[in-house]
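Written below as structure tokens is the structure these notes are about.
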Amino acid sequence: PTLCDAALTERVCVWMRTGLPRTDAFACEGINRETARRWGIWAEEGREPFVAFCAEVARAEALAGRAVNPQAVAQGTHSHDGGSSWHAGH
């Protein structure tokens, strides 16, 4: 079982839409950096519910007005730890 579910995803996204950066929104819901990194890896492997979680987090960042690099988006490049590391798309 995982704590990553639709309810947690929605709570994280609510925090982000109010302007909190990703890492702060994660912390508000008890998601530490290592967990976020691990969920990102699992999302890259195509595992649900992690793919959906990452997609919703990216959408919340965009809705919050976070800068988006269109070239990075086109390549699928993304970060699951607030920009400390970057990964190819999933």
Side-chain angles (χ1 to χ4, degrees):
T2 178
L3 296 176
C4 183
D5 61 14
L8 175 73
T9 301
E10 178 58 23
R11 290 192 308 271
V12 167
C13 291
V14 166
W15 286 115
M16 292 176 67
R17 287 191 299 264
T18 64
L20 277 182
R22 174 190 301 221
T23 52
D24 293 343
F26 288 177
C28 287
E29 293 300 326
I31 304 167
N32 63 39
R33 283 182 175 260
E34 178 56 29
T35 297
R37 187 190 69 76
R38 190 171 49 249
W39 288 4
I41 291 168
W42 292 341
E44 289 172 7
E45 294 171 350
R47 292 173 60 183
E48 289 294 351
F50 310 104
V51 172
F53 176 81
C54 291
E56 290 302 316
V57 165
R59 192 177 345 269
E61 282 183 318
L63 290 172
R66 299 259 185 260
V68 175
N69 179 326
Q71 290 83 16
V73 171
Q75 294 172 359
T77 304
H78 62 281
S79 174
H80 293 283
D81 58 10
S84 295
S85 63
W86 293 89
H87 309 277
H90 37 82

Any side-chain heavy-atom pair of Pro49 and Thr2 under 4.5 Å:
yes
If you round to the nearest 0.5 Å, how far is [atom2] of [Y] from [atom1] of [X]?
X: Asp24; Y: Thr18; atom1: CG; atom2: OG1; answer: 10.0 Å
X: Glu44; Y: Cys54; atom1: CD; atom2: SG; answer: 8.0 Å
X: Arg22; Y: Cys13; atom1: CZ; atom2: SG; answer: 9.5 Å
X: Glu56; Y: Leu8; atom1: CD; atom2: CG; answer: 12.0 Å

Hits for side chain to side chain donor-acceptor pair (under 3.5 Å) against Glu10, two or more places apart or cross-chain, chain-then-number order -> Arg17
Taking side chain to side chain donor-acceptor pair (under 3.5 Å) as the definition, give me every residue that meets it alongside Thr35, ordered by chain and number, with sequence neighbours left out.
Asn32, Arg38
Val57 and Trp39: CA distance, side-chain angles, deciding distance, side-chain contact (heavy atoms from CB on, under 4.5 Å) verdict:
CA-CA 12 Å; Val57 165; Trp39 288 4; over 6 Å; no
Sorted by chain and residue number, the side-chain contact (heavy atoms from CB on, under 4.5 Å) partners of Arg47 (sequence neighbours excluded) come out as Trp42, Glu45, Phe50
Nearest non-hydrogen partners of Ala25 and Val12, listed with the distance
CB-O, 3.8 Å
